[in-house]
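Residue numbering restarts at 1 for every chain, and letters A, B, ... go by the order of the sequence lines.
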There are 2 protein chains.
Amino acid sequence: MNDAPDAVSFGLLGGTVSYGLKRAYLRVIRDLEEALAPHGLTPPLLAALSIAAANPGIAPARLAAAMGHGRSRAAPLLDRLEADGLLERRDGPDRRSLGLHATRAGDLLLRRVTPVLAAHEARMTVGLPDGARDALAAALGTIAASDT
Amino acid sequence: MNDAPDAVSFGLLGGTVSYGLKRAYLRVIRDLEEALAPHGLTPPLLAALSIAAANPGIAPARLAAAMGHGRSRAAPLLDRLEADGLLERRDGPDRRSLGLHATRAGDLLLRRVTPVLAAHEARMTVGLPDGARDALAAALGTIAASDT
DNA sequence: TATTGTTATACTCTATAACTATA
DNA sequence: TATAGTTATAGAGTATAACAATA
């Protein structure tokens with residue numbers, strides 16, 4: 001139990017949820033980027049497509065809010081997904097509102113990506129003791145949801 | 001138990017550690033940015049200063065690696081910390097190497113920021129059941145540490 | 001007047017590659 | 001040749017503000 005020649009201390013930040021989150025996030029986002037790249041997706045594009053597919057007719061502003069962003073973040077993501085034929089902006093309830101819908105190609109891509117995502121998830125949680133994965137997901141959900 | 005007019009589903013991503021991490025990270029980084037701004041710090045600057053202070057004489061490359069980055073990420077952070085008088089680049093063991101040292105002002109700032117960070121940490125974990133905070137920190141550490 | 005979607009803009013974070021000095 | 005630090009450059013993510021159309 002001493003294979004590092006010289007362990008680095010994180011000082012103030014050691015053992016905090018805050019900095020642990022940052023380092024875990026960095027690791028996860030890189031792995032996911034790599035896993036998705038062959039499918040022409042990035043993590044935010046997948047998130048937008050996944051939410052749109054699960055909530056047919058959702059408005060851009062609501063999709064952005066679900067992702068934790070402001071309205072203006074949606075446009076470039078939707079532009080890209082629409083250009084790739086994965087999603088459509090259709091008319092919404094208002095003449096000023098839009099309703100988003102995954103296309104057939106979008107649904108197929110999501111199905112194709114499902115095992116990729118599952119493998120990624122397994123890779124990220126492989127070191128966790130039994131039951132810790134679910135507890136972790138729950139704790140993360142609590143933190144994210146407390147976003148006033 | 002039904003106060004949201006229409007809950008948004010995350011589809012594929014719902015319940016995953018991967019996406020939970022992303023949303024929790026967004027919430028935490030925003031809160032921390034806000035909390036640190038009055039002290040002239042950003043989260044990465046605090047991380048670099050905290051690590052440098054806890055590991056006197058550490059080399060820039062090792063500091064960057066501890067933060068999960070490549071060598072080139074260190075320079076701009078160190079430039080800024082040095083310009084603010086919080087950190088010094090001194091000579092290292094080699095003529096090509098440097099040793100980083102927090103200045104007195106850097107140490108004082110860290111001390112001043114300690115309660116700010118503790119309050120931030122408390123804010124982020126207030127919704128978690130007893131014992132979940134430590135389990136969360138441990139799980140995050142496991143994920144981050146498995147970074148090959 | 002408020003809301004929806006968009007555009008413009010800027011700033012931070014991050015990565016890759018190339019350069020210099022030293023080993 | 002390899003390593004340490006830096007610089008240059010580019011790209012992605014995010015935020016704010018302002019705009020046009022509609023309500």
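In the set dT4(C), dT6(C), dG5(D), the nucleotide with an atom closest to the side chain of L98(A) is dT6(C).
Salt bridge annotation for R80(B)-D84(B): present, with a cationic side-chain nitrogen under 4.0 angstrom from a carboxylate oxygen.
Backbone-only engagement by A59(A) is indicated by non-hydrogen atom pairs under 4.0 Å involving sugar-phosphate atoms exclusively. Note on A61(A): only backbone sugar-phosphate atoms sit closer than 4.0 angstrom, heavy atoms only; bases stay farther off. Counting non-hydrogen atoms under 4.0 angstrom, R30(B) reaches the backbone sugars and phosphates but no base.
Each of K22(A) and G99(A) was assigned the nucleotide of DNA chain C with the nearest heavy atom; the assignment lying further toward the 5' end belongs to G99(A). Taking for each of R73(A) and D79(B) the nucleotide of DNA chain D with the nearest heavy atom, the 5'-most of the two is the partner of D79(B). Sequence order on DNA chain C of the closest nucleotides to S72(A) and R96(B) puts S72(A) first from the 5' end. Between R71(A) and P44(A), the residue whose closest nucleotide on DNA chain D is further toward the 5' end is P44(A).
Rounded to whole angstrom, the span from the CG atom of L26(B) across to the P atom of dG13(D) amounts to 12 Å. Distance R27(B) CZ to dG13(D) P: 23 Å, rounded to the nearest Å. Atom CZ of R95(B) is separated from atom P of dA2(D) by 23 Å (rounded to the nearest Å). Residue L87(B) contributes atom CG, which lies 13 Å from atom P of dG5(D) at whole-angstrom precision. We find that CG of D94(A) is positioned 12 Å from C1' of dG5(C), with the value rounded to whole Å. For I29(A) and dC13(C), the CD1 to C1' distance is 12 Å, given to the nearest whole Å. Here dC13(C) presents its C1' atom at 10 Å from OH of Y25(A), a figure rounded to the nearest Å. Taking atom CG of L63(B) as the reference point, atom P of dT6(D) lies 11 Å away to the nearest angstrom.
Under a 3.5 Å cut-off, the side chain of T142(B) and the backbone N or O of L128(A) do not form any donor-acceptor pair. Under the 3.5 Å distance criterion, the side-chain polar atoms of S50(B) are matched with a main-chain donor or acceptor of F10(A).
Side-chain N/O atoms of H69(A) include none lying less than 4.0 angstrom from OP1 or OP2 on dG13(D).
For the atom pair CG (L12(B)) and CG (L49(A)), the distance works out to 8.5 Å, reported to the nearest 0.5 Å.
Contact check for L13(B) versus L117(A): side-chain heavy atoms found under the 4.5 Å cut-off.
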